[in-house]
Amino acid sequence: MISMEQKILIRCKNNKKILECNIGSNLSEIFSESGLEMEYGPICARVNNKVEGMHFQAFKDKDVEFLDLTNASAQRTYTRSLFFVLNKAAHDLWPKCTVVIDIPVSNGYYVDIRRVKDDGCKTDDVITPDDVHELRARMQEIIDAALPIHRHETTTEEAIKMFREAGSKSKVKLLESLGSLYTTYYTLDGYADYYYGAMLTNTSQLKLFGLEPYYDGLLLRIPSRKDPSKLGAFVRQQKMFEIFNEHHRWQGILGMRTVGDLNTAIKDGHANALIQVSEALQEKKLGQIADQIVQQRGVKMVLIAGPSSSGKTTTCKRLSVHLAVNGIRPIGISLDDYFLSREQTPRDESGDYDFEHLHALNIPLLNEQMNALLKGEEVELPRYNFHTGQSESSGRKLRLKGNEILVVEGIHALNPELTAQIPEEQKFRVYASALTTILLDNHNYIPTTDNRLLRRIIRDYKYRGVSAEETIRRWPSVRRGEDRWIFPYQEYADAMFNTAMMFELAVIRGQAIPVLEQVPENCVEHAEAYRLLKFLRYIKPIPETQIPPTSLLREFLGGSSFEY
């Protein structure tokens, strides 16, 4: 009797074909059967709307959509695998070195490398251009060798033992804090490492990367999602880099660099102290910005900008309190009230109204009224009716007094075109954003946008009746608007304020998880919801009752003592 190999059915969403494949086929084998061609892929795939690496084996019928480098999930997979190659190359060259994949900056990732002397002490030597050249060459050798990346599963106890022997303290701390029975890790030519999320199957798939000196470390550059044949454009972000460095100093004060550190602090009962110090550090920073404004004589307008869910509104309110302490009476103005009536609003490529566009605002009226106020004249401010889509008279008349200052908040506030007719010496610009200040471990960063996306998911659900599915669906459009209208003007800021706090994810997970769990498996947005859920479960919870009513997080969680 001839035995027949069992078959499974794969519904390929890329070309709408149904493939008959051997049971246990991995995604690479399934792709070969699909007849698809991808110039920049496949990097990974959505399997039943969960992102999986090409190692993934199918033992049942599945829906599969292969993803290339123009996809955000695929870019994360590519970047993660590039981190692996960088770590492998660094340990080949300097076996006892410490590598920290630190912060996303300048369209790349800042990497801090500390080598170890023969006596076991770390050096403070700055990585030289020759070192970077040597490291880049070693990475290219590993890529050219087309080495396989192997995925393994073992008991967490065994994984902890392996990483402890390798001296990977941050991984040990993370894994010890999770309480899971089994752990997945990867190996590359004998070098083992732990990564959160899908990985490539072979180093030869890393077609393009850049590596160059950057301050006292180096910058790892990745392909652009818009055009994966090119590296993302290098953008000098000195002020942004400084704000990250400031938070590293805060982390030093708190002893809080990774999720493992955070989980340990929560487990040991130190959550309340962590919250108090974090809130105090943020309050002190706002006080310093207020002092800057006062010391810069002649300033009559404070412009506050930032991307979606960055906490601009609470930043504005808390900064106003500090200005009042300095004897200045702040007058709040929202740029939303300067929206043009809907029929005058620019449209995007799809023909929909583009409310993110700078020229969705009545710029001439704004400049006319702000200049009139600065000259001591009285104006009647407009009000935008979001229900009717019309600009209306507000009845709110305003004239500035001697000790008053305008505080203007909105996503376009830093754009020079917005206030081009207002004298520069009368303006002070503040950029506020949630810049994630904690790592999973030394080799696994947390995307800076995850903080904001989670905040927005909670806020939209609580206050706008919008599901997590819909918020996730809209998020790429929001991000495109930010890339065009907000991020190019970050470095125009006179001061930057990081609204993220080191304990934040431990608090917001309590409201985020139940909302994310409502995203159905049969929609594409389930992949992102699943990724966020998986990531949040790495973090031990802190009850939201422990955060004060003045906390910036209250803007999203509710219970704030500020009025919105």
Side-chain angles (χ1 to χ4, degrees), residues 299-306 308-321 323-324 328-348 351-424 426-430 432 459-460 463-466 478 481 485-486 555 560 562-564:
V299 171
K300 296 297 290 181
M301 176 184 286
V302 177
L303 296 153
I304 302 177
S308 173
S309 302
S310 59
K312 294 186 297 295
T313 305
T314 304
T315 299
C316 184
K317 291 179 182 296
R318 287 171 62 179
L319 181 60
S320 293
V321 171
L323 288 170
I328 291 173
R329 183 166 177 251
I331 306 296
I333 292 177
S334 172
L335 288 179
D336 285 357
D337 283 324
Y338 284 87
F339 272 127
L340 292 164
S341 291
R342 192 165 296 159
E343 65 273 10
Q344 298 173 284
T345 303
R347 294 179 183 268
D348 61 19
D352 298 324
Y353 289 117
D354 187 356
F355 296 107
E356 307 284 327
H357 200 290
L358 174 65
H359 294 113
L361 298 175
N362 192 336
I363 296 175
L365 178 64
L366 175 74
N367 280 268
E368 177 189 327
Q369 291 200 332
M370 295 303 105
N371 272 315
L373 286 168
L374 296 174
K375 290 174 185 175
E377 299 171 9
E378 183 180 89
V379 302
E380 182 179 354
L381 300 176
R383 176 180 61 201
Y384 186 74
N385 187 322
F386 282 89
H387 295 291
T388 65
Q390 298 297 307
S391 178
E392 303 171 343
S393 297
S394 68
R396 180 189 176 193
K397 294 185 178 179
L398 183 63
R399 185 195 301 271
L400 284 186
K401 298 175 183 174
N403 69 331
E404 292 179 336
I405 192 170
L406 297 170
V407 180
V408 181
E409 175 254 318
I411 66 170
H412 296 293
L414 297 193
N415 191 320
E417 187 180 344
L418 180 77
T419 55
Q421 297 174 33
I422 298 167
E424 282 299 309
Q426 293 186 306
K427 295 180 286 193
F428 188 96
R429 296 180 173 93
V430 179
R459 185 196 67 190
D460 284 359
Y463 302 115
R464 300 179 182 180
V466 176
V478 172
W485 298 114
I486 301 174
E555 180 178 333
S560 178
F562 292 111
E563 291 183 10
Y564 295 98

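Just the heavy atoms: all of them, side chains too, but no hydrogens, waters or symmetry mates, feed the values below. Remember, predicted model here, so these are calculated numbers, not experimental data.
In this structure, the side chain of Asp348 engages the main chain of Asp352 through a donor-acceptor pair within 3.5 Å.
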Show me, pair by pair, the donor-acceptor contacts under 3.5 angstrom made by side chains of residues 358-367, not counting sequence neighbours?
unit_1, atom_1, unit_2, atom_2, d
His359, NE2, Glu417, OE2, 2.8
Asn362, OD1, Leu365, N, 3.2
Asn367, OD1, Gln421, N, 3.1
Asn367, ND2, Ile363, O, 3.0
Asn367, ND2, Leu418, O, 2.8

Only distances under 3.5 Å count here; give the side-chain donor-acceptor pairs of residues 398-406 to other protein atoms, sequence neighbours excluded, each with its distance to 0.1 Å.
unit_1, atom_1, unit_2, atom_2, d
Arg399, NH1, Gly376, O, 3.0
Glu404, OE1, Lys401, N, 2.8
Glu404, OE2, Arg329, NH1, 2.1

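Looking at residues two or more places apart in sequence or on another chain, you find a salt bridge (charged side-chain N to carboxylate O under 4.0 Å, His left out) between Glu424 and Lys427, Arg429. In this structure Ser560 satisfies the side chain to side chain contact (heavy atoms under 4.5 Å, CB included) test together with Arg554, Phe562, Tyr564, sequence neighbours excluded. For the side chain to side chain contact (heavy atoms under 4.5 Å, CB included) test, residues two or more places apart in sequence or in another chain that qualify with Arg347 are Tyr353. Looking at residues two or more places apart in sequence or on another chain, you find a salt bridge (charged side-chain N to carboxylate O under 4.0 Å, His left out) between Glu392 and Arg383. Taking the side chain to side chain contact (heavy atoms under 4.5 Å, CB included) definition, one finds that Ser308 meets it with Arg452, Arg456, Arg459, Trp475, Val478, Glu482, sequence neighbours left out. Scored by the ring pair (Phe, Tyr, Trp, His ring centres under 6.0 Å) test, Phe339 finds Tyr384 as partners (sequence neighbours excluded). In terms of the side chain to side chain donor-acceptor pair (under 3.5 Å) criterion, residue partners of Glu555 (sequence neighbours excluded) are, by chain and number, Thr314. Remark: Asp354 pairs with no residue by the salt bridge (charged side-chain N to carboxylate O under 4.0 Å, His left out) rule, at least two apart or across chains.
Taking OG of Ser310 as the start and CD1 of Ile304 as the end, the distance is 10.0 Å to the nearest 0.5 Å.
Of all heavy-atom pairs between Ile411 and Lys312, the closest is CG2-NZ, 4.0 Å. When all heavy atoms of Ser391 and Pro382 are compared, the pair lying nearest together is OG-CB, 4.2 Å. Nearest heavy atom pair, residue Met301 against residue Leu303, reads SD-CD2, 3.8 Å.
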Given the rule in the side chain to side chain contact (heavy atoms under 4.5 Å, CB included) test, do Leu373 and Ile331 qualify, once you have shown the distances and angles that lead to the verdict?
CA-CA 11 Å; Leu373 286 168; Ile331 306 296; over 6 Å; no
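Residues Val408 and Cys316 are not in side-chain contact: their nearest non-hydrogen atoms beyond the backbone lie 4.5 Å or more apart.
Listed by first and then second residue, the salt bridge (charged side-chain N to carboxylate O under 4.0 Å, His left out) pairs involving residues 355-380 amount to none (not counting sequence neighbours). Pairs passing the side-chain hydrogen bond (donor to acceptor under 3.5 Å, both in side chains) check and including a residue from residues 333-342, sequence neighbours excluded, read Tyr338-Gln369, Ser341-Gln390.
Relative ring orientation between Trp485 and His357 is described as tilted, the plane-to-plane angle lying within the 30° to 60° band.
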